[in-house]
Each structure stands twice: as structure tokens, then as C-alpha cells.
Amino acid sequence: MVNPKIAPSMLSSDFANLASEAERMIRCGADWLHMDIMVSHFVPNLTIGAPVIESLRKHTNAYLDCHLMVTNPLDYVEPLGKAGASGFTFHVEVAKDNWSKLVRQIKSRGMTPGVSLKPGTPIEEVFPLVEGENPVELVLVMTVEPGFGGQKFMPEMMDKVRALRKKYPSLNIEVDGGLGPSTIDMAASAGANCIVAGSSVFGAPDPGHVISLMRKSVEDAQKVS
Ligand code: DX5
Ligand code: ZN
């Protein structure tokens with residue numbers, strides 16, 4: 001049984017008040033804080049890097065689930081490790097040749113390695129990373145094209161989640177993009193247990209309600225599976 005982890009995406013928070021936004025999410029019941037790291041190369045957007053993680057770390061003990069949308073993840077392992085990142089999830093599309101070294105370095109810096117894949121990338125590409133002798137501990141299935149919050153959930157990505165859950169019953173499977181009250185049941189019943197949600201949480205009058213609703217959906221789906 002894999003525990004539900006609800007991870008509000010801080011990309012939708014008020015960046016000028018990041019520390020209080022983080023505290024608010026934890027008070028609302030968030031398990032993890034999802035941090036989207038973009039540097040205008042892999043995706044056409046620029047967000048945050050290690051200095052912001054370092055600043056935030058001084059204000060919270062929360063698990064900082066970092067999603068690296070960059071072409072050169074290896075260059076970020078040391079700075080993010082020192083900054084206090086908890087999870088380090090890179091994209092398989094940019095790590096086909098060096099993922100093994102990357103995973104080793106992520107672990108040696110005390111972070112949890114994860115791999116993500118874009119909607120157009122076949123799920124088979126992550127299997128070797130889950131099965132290797134130095135495996136990743138999380139697979140993040142993108143349910144929108146990475147780059148921006150507020151996009152529409154792609155239900156056809158649930159085939160990937162189902163395939164992963166069937167093959168790896170105890171793997172952390174994360175979904176990211178367009179998750180909220182109207183889409184959570186699809187992701188939960190497919191087998192996702194880590195749920196990233198930005199606009200649906202931060203845009204809600206009661207974020208705590210949305211977080212607990214998503215947690216319940218994951219728990220209920222696990223009971224029937
Ligand atoms: C998109 C990011 C997501 C984004 C999700 O590239 O990886 O984490 O913040 O936002 P919503 O939940 O609004 O789709
Ligand atoms: Zn993300």
C-alpha cells in the first residue's frame with residue numbers, strides 16, 4: 001500500500017509571500033510542497049531555482065518535492081541538495097544516457113530521486129529507471145504539457161498510470177497537471193497516489209477542503225483495488 005501524498009504546486013502561490021503560502025498549505029493538510037523549477041530551456045517558462053529553495057527551507061520543514069523541467073539536471077543536484085530540496089525529479093527525455101549517474105548523485109546528496117515523462121513520451125522509457133540496481137523511487141506522469149499551471153487534464157495519460165501500478169504495486173506514482181475535484185477520481189482509480197495540484201487548490205475558497213477531498217479519493221480507490 002502506498003501512502004497518499006497531496007502536493008500543492010507552489011507555482012500557483014503568491015511568490016511574493018512564499019513562506020506564508022507554504023505554511024498555509026501545510027496548515028490546510030498538504031503532505032508535500034511541489035516546487036516547479038524551470039529555466040526557459042526544456043519548457044518556455046522561468047520560475048525558481050536553488051536560491052529560492054534555500055530561502056524557503058529556512059521557513060519550513062516540509063518535504064520539498066522539486067520537479068526539474070531543465071535540460072541539464074545534473075548541474076542542479078549539488079545546488080539543490082545544499083539548498084535543502086527533498087525530492088529531485090528529473091525528466092527522462094533529457095537523461096537517457098546519464099540517468100544512472102544522476103540517480104546516484106541525487107541519493108548521495110540525501111534527496112529522493114524521481115523521474116518524470118511528458119505526455120508524448122511512452123511509459124516504457126521509464127521502466128529501466130524503476131528496475132535498475134539504483135532505481136528511482138517515484139515516477140511523475142505529466143497530465144499536461146509541462147510549463148504552465150492551469151491547463152486541462154489529459155485523461156488519456158491514465159493508461160500510463162495503470163500500466164505503472166500494475167507493474168509496480170509499491171511505487172510512488174505522481175500525477176501533475178489539471179488535477180482537482182473533477183479529475184482526481186480518474187487519477188486515483190488508475191493508481192496514482194501522489195497528487196500535484198496548483199490552480200485547483202490555490203484558486204479554491206477553502207484549499208483544505210480540496211486537499212482532503214483528493215486524499216479521500218486516493219484512499220477510497222486503494223480500498224477497492
Ligand atoms: C506544470 C507544472 C505543474 C503545475 C500544475 O508544468 O509541472 O506542477 O504547477 O498546475 P495545475 O494544477 O494548475 O495544472
Ligand atoms: Zn510540476
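As the structure lists them, so they are numbered: ligands from 1, and atoms in each ligand from 1.
For D176 atom OD2 and H34 atom NE2, the angle they make at the Zn ion (ligand 2) is roughly 100°, to 10 degrees.
For the pair G177 and ligand 1, the shortest N or O to N or O distance does not fall below 3.5 Å. Ligand 1 has no N or O atom lying under 3.5 Å from any N or O atom of L11, backbone or side chain. The shortest N or O to N or O distance between S199 and ligand 1 is below 3.5 Å.
Residues M35 and T47 are not in side-chain contact: their nearest non-hydrogen atoms beyond the backbone lie 4.5 Å or more apart.
Between L102 atom CG and N72 atom CG the span is 10.5 Å, to the nearest 0.5 Å.
No other N/O/S atom of D36 lies as close to the Zn ion (ligand 2) as OD1 does. Closest N/O/S atom of H67 to the Zn ion (ligand 2): ND1.
At the top of the distance list for atom 6 (O) of ligand 1, counting protein heavy atoms only, stands G147 N, 2.6 Å. G149 CA, 3.5 Å is the protein heavy atom nearest to atom 10 (O) of ligand 1. In this structure, atom 14 (O) of ligand 1 lies nearest to the protein heavy atom G178 N, 2.8 Å. In terms of protein heavy atoms, atom 9 (O) of ligand 1 is closest to S9 OG, 2.7 Å.
By the 4.0 Å heavy-atom criterion, M142 is counted among the residues contacting ligand 1. At a 4.0 Å cut-off, at least one heavy atom of V196 sits close enough to ligand 1 to count as contact.
Using modelled atom types, no side-chain atom of S9 and backbone atom of G198 make a donor-acceptor pair closer than 3.5 Å.
Under a cut-off of 6.0 angstrom, the local environment of NE2 in H59 is crowded, with over 12 non-hydrogen atoms contributed by other residues, nucleotides or ligands.
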